[in-house]
Amino acid sequence: MKKQYIYSLIFLFIMGEIIAQQTPAPKQTKDYSIEGATAHIGNGEVIENSLIMFSNGKLKFVGSANTKIARLGNVINAKGKHVYPGFIVANTSLGLGEIDAVRATLDYDEVGAMNPHIRSLIAYNSESKIVESMRPNGVLMGQITPRGGTISGTSSVVQFDAWNWEDAAIKVNDGIHLNWPQSFTYGKWWLGEDVGAKPDKKYTTNVEKITTFISNSKRYLKSDKNPKNLPFEAMEGLFNGEKKLYVHASGVQEITDAINYIKKAGINNIVIVHGNDAYKIADLLVKNNIPVILERAHRVPSSSDTDYDLPYRSAKLLVEKGVTVAIGMEGSMERMSARNLPFYAGTYAAYGLNKEDALKLITSNAAKILGIDDIVGTLEVGKDATLFISEGDALDMRTNILTHAFIQGRKISLETHQTKLWKKYSKKYGLQ
């Protein structure tokens with residue numbers, strides 16, 4: 001019996017070593033200087049032959065390597081390489097689900113329709129192997145967002161190298177997510193129904209449910225709050241400006257209705273998520289200072305009469321009008337696809353967006369929309385030293401090859417189960 005117990009412990013230890021994420025890096029104790037790289041600041045500025053120095057997790061100097069200044073700590077020669085701020089993925093359920101076929105590993109969708117009080121952060125799994133696989137592509141932070149229902153819950157922003165959700169948190173409870181109803185329904189082709197769009201007779205009723213909930217929560221917050229109502233309590237941040245309302249909506253009518261109803265209710269901090277056809281009402285978005293988190297570029301058009309390349313050009317159409325745009329995830333295989341975040345930005349660049357403007361979609365713009373631009377999103381003195389070095393253009397999958405990555409000045413591991421498999425089969429087929 002004793003031997004069996006010992007064997008069980010050994011087995012659990014071995015499995016833990018196989019399954020567990022890389023051990024999070026310790027707090028920065030050594031200073032670093034990165035010299036000679038092309039620095040992409042994240043705000044559109046590029047510094048050739050740059051010098052970047054950081055200490056105690058914060059950037060201390062960002063400028064030209066020709067500057068006569070003492071280098072701090074370990075000097076990394078990055079000549080011929082590129083330095084970027086850590087990429088930020090918005091609207092993702094990373095860490096809330098691991099294996100789609102195993103229900104017990106999924107924790108992104110709560111029971112009920114109106115769940116503003118449900119916090120995604122406490123369900124976030126910092127040990128997720130999927131989260132770990134983001135880092136070799138430079139995706140170092142994300143907005144962890146719940147799914148389902150009419151009001152899905154409250155998101156938070158985390159960094160991707162942590163022991164637990166408390167360590168991971170960058171911004172706690174940044175906003176509430178509302179799924180605006182569609183004004184049209186579509187037939188189920190697998191049941192032999194007509195797949196054409198038809199007006200949804202329940203649209204007005206569904207909208208009224210939302211506006212009624214918002215009105216009731218507003219009245220509750222002005223009352224003595226007795227008896228206590230947790231969903232209504234969670235809405236307070238929307239009215240006092242502490243939280244943003246992320247409205248998941250597509251279509252001109254849906255986006256327009258959402259903005260009008262929500263502004264009328266006294267909620268001014270609004271972000272449109274998905275935003276199909278948002279470019280058609282870009283002036284309304286600019287007038288109300290409303291940013292857009294677009295879906296990933298690699299998707300088919302939303303309707304049969306839409307240009308095939310509209311998803312690739314959507315960022316350019318909005319940016320040209322003055323809308324602040326970031327890239328988010330959702331839909332089929334969204335957690336696994338998040339690692340391709342820089343390549344979605346690269347696709348937007350290939351279809352008309354300036355390369356540095358495309359970079360903003362996953363750096364400074366994302367940070368601004370999520371309310372973390374005071375600490376991350378650009379390479380600027382005083383901000384967190386969350387950055388990475390790539391051998392080439394990080395928006396191109398052929399040259400996005402990281403050599404170093406840092407989160408809050410901590411040098412993190414770029415090894416994952418996927419990089420191990422890549423090395424294994426590269427040797428098998430003589431590619432190394």
Quiz item: Does atom NZ of K209 have more than 12 heavy-atom neighbours from other groups under 6.0 Å away?
Solution: no
Self-check item: Exam field: side chain S120 to backbone P146, donor-acceptor pair closer than 3.5 Å
Solution: no
Exercise. State the CG-CG distance between L402 and N137, to the nearest 0.5 angstrom.
Key: 7.5 Å
Practice problem: Give the C-alpha distance, both sets of side-chain angles, the deciding distance and a yes or no for side chain to side chain contact (heavy atoms under 4.5 Å, CB included) between H82 and D393. | Solution: CA-CA 7 Å; H82 297 255; D393 181 356; 5.8 Å; no
Practice problem: Look at the rings of H177 and Y246 and say which category their plane angle falls in: under 30° parallel, 30 to 60° tilted, over 60° perpendicular. | Solution: parallel
Self-check item: Spacing of I327 atom CD1 and R296 atom CZ [to the nearest 0.5 Å]
Solution: 11.5 Å
Practice problem: Give the intermediate values and the outcome of side chain to side chain contact (heavy atoms under 4.5 Å, CB included) for residues L140 and F87. | Solution: CA-CA 6 Å; L140 306 182; F87 294 155; over 6 Å; no
Quiz item: Where is the tightest heavy-atom contact between S133 and Q418, given as atom of each residue plus distance?
Solution: CB-OE1, 3.5 Å
Quiz item: With a 4.5 Å limit on heavy-atom distance, are the side chains of N288 and I270 in contact?
Solution: no
Self-check item: Main-chain N/O of D357 paired to N354 side chain as donor or acceptor, under 3.5 Å
Solution: yes
Practice problem: For F54 and L59, work out which heavy atoms get closest and say how close. | Solution: CB-CA, 3.9 Å
Quiz prompt | Intermediate values then yes/no, side chain to side chain contact (heavy atoms under 4.5 Å, CB included), L370 and K171 | solution = CA-CA 8 Å; L370 303 183; K171 186 176 179 66; 5.8 Å; no
Quiz item: Do L379 and Y84 come within less than 4.5 Å of each other through their side chains, counting heavy atoms only?
Solution: no
Quiz item: Distance-only, no hydrogens or angles: does the R313 side chain make a donor-acceptor pair with backbone N or O of G352 under 3.5 Å?
Solution: no
Quiz item: Short question: side chain of E356, backbone of H40 - any donor-acceptor pair under 3.5 Å?
Solution: no
Quiz item: Nearest 0.5 Å, what's the CG-CD distance between L221 and E233?
Solution: 6.5 Å
Quiz item: Heavy-atom distance under 4.5 Å between the side chains of V158 and W165, does that happen here?
Solution: no
Quiz item: Does K225 NZ have over 12 foreign heavy atoms under 6.0 Å away?
Solution: yes
Quiz item: Does T256 use its side chain to pair, donor to acceptor, with the backbone of Q253 at less than 3.5 Å?
Solution: no
Quiz item: Would a distance-only check, ignoring hydrogens and angles, find a side-chain to backbone donor-acceptor pair under 3.5 Å from K218 to A265?
Solution: yes
Quiz item: Can you check whether T211's main-chain N or O pairs, donor with acceptor, with Y261's side chain at less than 3.5 Å?
Solution: no
Self-check item: Over all atoms of both residues, closest heavy-atom pair of K316 and Y351
Solution: CD-O, 3.6 Å
Exercise. Mind listing the closest non-hydrogen atom pair of I362 and P342 along with its distance?
Key: CD1-CA, 3.8 Å
Quiz item: Does any N or O in the side chain of S128 come within less than 3.5 Å of the main-chain N or O of V131, such that one atom is a donor and the other an acceptor?
Solution: yes
Exercise. Could you check if a side-chain atom of S126 sits within less than 4.5 angstrom of a side-chain atom of D167, using non-hydrogen atoms only?
Key: no
Quiz prompt | Check: F184 ring centre within less than 6.0 Å of Y203 ring centre | solution = no
Quiz item: Distance-only, no hydrogens or angles: does the N400 side chain make a donor-acceptor pair with backbone N or O of A394 under 3.5 Å?
Solution: yes
Exercise. Taking T378 for its side chain and G42 for its backbone only, find out whether a donor-acceptor pair lies under 3.5 Å.
Key: no
Quiz item: Considering only heavy atoms from C-beta outward, does the side chain of I262 approach that of L178 to under 4.5 Å?
Solution: yes
Self-check item: Enclosure of N164 CG (heavy-atom neighbours >12, cutoff 6.0 Å)
Solution: yes
Practice problem: With side-chain hydrogen bond (donor to acceptor under 3.5 Å, both in side chains) as the test, would you mind laying out the steps for E48 and T38 before giving the verdict? | Solution: CA-CA 5 Å; E48 304 287 348; T38 298; 3.0 Å; yes
Exercise. Measure across G275 and S250 and return the closest heavy-atom pair with its distance rounded to 0.1 Å.
Key: N-OG, 3.8 Å
Quiz item: Should the pair Y429 and Y425 be assigned to parallel (<30°), tilted (30 to 60°) or perpendicular (>60°) ring geometry?
Solution: parallel
Quiz item: When rounded to the nearest 0.5 angstrom, what is the spacing between NE2 in H117 and CD1 in I151?
Solution: 10.5 Å
Quiz item: R339 versus V139: any side-chain heavy-atom pair under 4.5 Å?
Solution: no
Quiz prompt | Residue K368 excluded, over 12 heavy atoms near NZ under 6.0 Å | solution = no
Quiz item: What distance do I76 atom CD1 and K411 atom NZ have between them, rounded to the nearest 0.5 Å?
Solution: 6.0 Å
Quiz item: Any side-chain heavy atom of R135 within less than 4.5 Å of one from I412?
Solution: yes
Quiz item: Atom OG in S314, atom CG in D309: separation rounded to 0.5 Å?
Solution: 10.0 Å
Exercise. Dump the intermediate steps for side chain to side chain contact (heavy atoms under 4.5 Å, CB included) on R398 and F343, then the final yes or no.
Key: CA-CA 10 Å; R398 298 167 298 182; F343 313 137; over 6 Å; no
Quiz prompt | Option from Q143, R147, E295 for which side-chain hydrogen bond (donor to acceptor under 3.5 Å, both in side chains) with N91 holds | solution = R147
Practice problem: Using the side chain to side chain contact (heavy atoms under 4.5 Å, CB included) rule, pick out the option among L310, V319, V323 that qualifies with Y279. | Solution: L310
Quiz item: Can you tell if the side chain of R299 reaches within under 4.5 Å of the side chain of N276, non-hydrogen atoms only?
Solution: yes
Quiz item: Does the distance from a Lys or Arg side-chain N to an Asp or Glu carboxylate O, for D384 and K58, drop under 4.0 Å?
Solution: yes
Practice problem: Evaluate side-chain hydrogen bond (donor to acceptor under 3.5 Å, both in side chains) for S155 paired with D174, printing each intermediate quantity in order. | Solution: CA-CA 6 Å; S155 60; D174 72 294; 2.7 Å; yes
Quiz item: How close do L121 and S156 get, heavy atom to heavy atom, and via which atoms?
Solution: CB-OG, 3.6 Å
